[in-house]
Amino acid sequence: MNVHETEKLYAAFEREGIGAADSAENADIVVLNTCCVREGAETRVIGNLGRIKKLKQSNPNLIVAVCGCMTQQEKAAEMLRKRCPFINIITGTYSLGALPQMVKAVRSGEKFILDLSVNEEIPMGINEACRSDNVNRFVNIMYGCDNFCTYCIVPYVKGRERSRRLADVKSEVEGLVRNGAKEITLLGQNVNSYRDGNNDFYALLSELSAIDGDFWIKFMTSHPKDLSGDVIKLIGREKKLANYVHLPVQSGSDEILKKMNRKYSVADYLRKIDMIREYIPHAGLTSDIIVGFPTETEEDFAATLDLVRRVRYNNLFMFIYSKRNGTPAAIMEGQVPEAIKKERITRLINAQSEISNELASVCVGETFRVLCDGRGKNATGKTSDDRVIVFDDGGADLYNRFVDVEVTSAKNSKLYGRIKV
Ligand code: SAH
Ligand code: SF4
């Protein structure tokens, strides 16, 4: 989401005649687009500001702006203002499109701008397809989140759930495809609750799949409580929908899922997984897991390991629980000591590596259609089920083209292959 928001920021600046610099050292303006989902992200912002302070010392005209989720929190904005008085602009998540104007105001002499206003309208202006060169093109279909998982800060900094109009999403995707895009990733905190009038996520996917052209559609993130059987069947049927589902489970313990307010049980989750396996041929599955949520016992964690071994994800995004002020979990009794969290995440990483290695090695000899997103001897390409294959492009420029690649070896869950002629 943030990567895409940053792309849109580039586009908003470009429209005002401000282009990208090749490095922070050569820039007139530095924008930090922050995240506050975990503490680590916030710590990195502070570290980066240390580096920017030095740049500002050697170039006093440098304009420094900090925006995004972290600074949407009043306390964080205040703290940064005090700690880093060299910052010119602090804004949150709602005013990104106005940043170029704020920069202009600073150029005309304004000393400091703070804008944490909340505006839950769909930011039309910055939704226009931006000029990123990435093979993968992101399209926002909705903003905000209403789920209030007890560990998560997102609903507090991104506001209530709201969907873009189907016609707007469709015309953006059509434009991207017309310009040669081959992979479209639809973005939303919970894409399954997309709704524009009578159109739900199923209707949106059906409409987008009907667009002419050779491309595939991926999306994230799906919430297990809302991913419907109809959508699963549609993914299985519709060629343009990639056979990839990112379905964050967070924990394998019913007790913890309840405390997380996830609104599904392990059995519900596994039923969805079984359905995915039944209806989507060669489905690629990935997930997010949090270890060390308050009160997580060894038994709860063992249940998570069991679930991971049962589902056999292609890949897992694993996080140590990070206390976020203002969320219900932050004040729950039974916070898990850091040492135990670290020990558990190591065990989870090891379990997943074993599975990823096994799943990779059975691909040897198989041929995949890949979308090439690199060049040279170690070119890379992505499969429909979101695996990465490394191969030699033989000097042909295959960037942003589909090619058939046969997997010749697998090493530490990585796939290597050769182009099939
Ligand atoms: N809306 C998506 C993703 C939200 S944030 C979803 O519901 O899945 C991405 C991931 O960050 C989450 O899936 C979760 O695993 C992780 N995360 C969110 N808050 C966290 C916290 N306080 N500590 C650790 N991980 C967290
Ligand atoms: Fe956070 Fe839960 Fe919303 Fe995802 S669904 S953004 S984890 S509150």
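Counting starts at 1 for both ligands and their atoms, following the listed order. Predicted model, so just to flag it, every value in this text is computed and none were measured. Scope of the values below: all heavy atoms of this structure, side chains included, with no hydrogens, waters or symmetry mates. Quick note: residue numbers are just sequence positions, from 1.
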Pairing donors with acceptors under 3.5 angstrom, does anything connect the side chains of [X] and [Y]?
X: Asn243; Y: Ser384; answer: yes
X: Asn119; Y: Ser117; answer: no
X: Glu161; Y: Ser193; answer: yes

What atoms of ligand 1 come closer than 4.0 angstrom to any heavy atom of [X]?
X: Thr221; result: 2 (C), 6 (C), 8 (O)
X: Tyr321; result: 23 (N), 24 (C)
X: Val37; result: 11 (O), 17 (N), 18 (C), 19 (N), 20 (C), 21 (C), 22 (N)
X: Pro248; result: 8 (O)
X: Arg324; result: 22 (N)

**Q.** Geometric N/O contact Gln189 with ligand 1, under 3.5 angstrom
**A.** yes

**Q.** Location of contacts on Ile320 toward ligand 1, heavy atoms closer than 4.0 Å
**A.** backbone

Q. Counting heavy atoms only, which part of Pro248 comes closer than 4.0 Å to ligand 2: side chain, backbone, both or neither?
A. neither

**Q.** Proximity of Tyr151 to ligand 2 by residue part, where a heavy atom lies under 4.0 Å
**A.** side chain

Q: Just say parallel, tilted or perpendicular for the rings of His4 and Phe138, cut-offs at 30° and 60°.
A: tilted

Taking only heavy atoms of [X], which atoms of ligand 2 are found under 4.0 Å from at least one of them?
X: Pro155; answer: 8 (S)
X: Arg262; answer: 2 (Fe), 7 (S)
X: Cys145; answer: 3 (Fe), 5 (S), 6 (S), 8 (S)
X: Phe148; answer: 8 (S)

Q: Kindly identify the option in Tyr151, Phe317, Phe319 whose heavy atom sits closest to atom 25 (N) of ligand 1.
A: Phe319

Q | Among Arg38, Lys323, Met220, closest by any non-hydrogen atom to atom 17 (N) of ligand 1 | A | Arg38

Nearest protein heavy-atom contact for [atom]: which residue, which atom, what distance?
atom: atom 21 (C) of ligand 1; result: Ser322 O, 3.6 Å
atom: atom 14 (C) of ligand 1; result: Gln250 OE1, 3.4 Å
atom: atom 9 (C) of ligand 1; result: Asp288 OD2, 3.8 Å
atom: atom 6 (S) of ligand 2; result: Gln189 OE1, 3.5 Å
atom: atom 7 (O) of ligand 1; result: Arg262 NH1, 3.6 Å
atom: atom 5 (S) of ligand 2; result: Asn147 ND2, 3.4 Å

Output the distance between atom [atom1] ([X]) and atom [atom2] ([Y]), rounded to the nearest 0.5 Å.
X: Glu358; Y: Cys363; atom1: CD; atom2: SG; value: 12.5 Å
X: Ser361; Y: Leu415; atom1: OG; atom2: CG; value: 9.5 Å
X: Tyr151; Y: Arg38; atom1: OH; atom2: CZ; value: 10.5 Å

Q.
Here's one to test your reading of the geometry: is the NZ or CZ of Lys225 within 45 degrees of the ring axis of Tyr264 and under 6.0 Å from its centre?
A. no

Q.
Lys259 and side-chain hydrogen bond (donor to acceptor under 3.5 Å, both in side chains): which single residue from Asp254, Thr150, Asp300, Thr295 fits?
A. Thr295

Q | Test side-chain hydrogen bond (donor to acceptor under 3.5 Å, both in side chains) applied to Lys218 and Asp385, Asp386, Thr185, Asn136, the passing residue | A | Asp386

Work out which heavy atom in [X] is nearest to a heavy atom in [Y]; give both atom names and the distance.
X: Ser222; Y: Leu227; answer: OG-CD1, 4.3 Å
X: Ile153; Y: Val37; answer: CG2-CA, 4.0 Å
X: Gly92; Y: Gln72; answer: CA-OE1, 3.0 Å

Q | Test item, Ile290 contacting ligand 1 (heavy atom, 4.0 angstrom) | A | yes

**Q.** Check: Phe201 ring centroid to Phe219 ring centroid under 6.0 Å
**A.** yes

Q.
Just checking: Cys152, one of its N/O/S atoms, less than 2.8 Å away from atom 1 (Fe) of ligand 2, yes or no?
A. yes

Q) Counting backbone and side chain alike, does Cys149 bring an N/O/S atom below 2.8 Å of atom 3 (Fe) of ligand 2? A) no

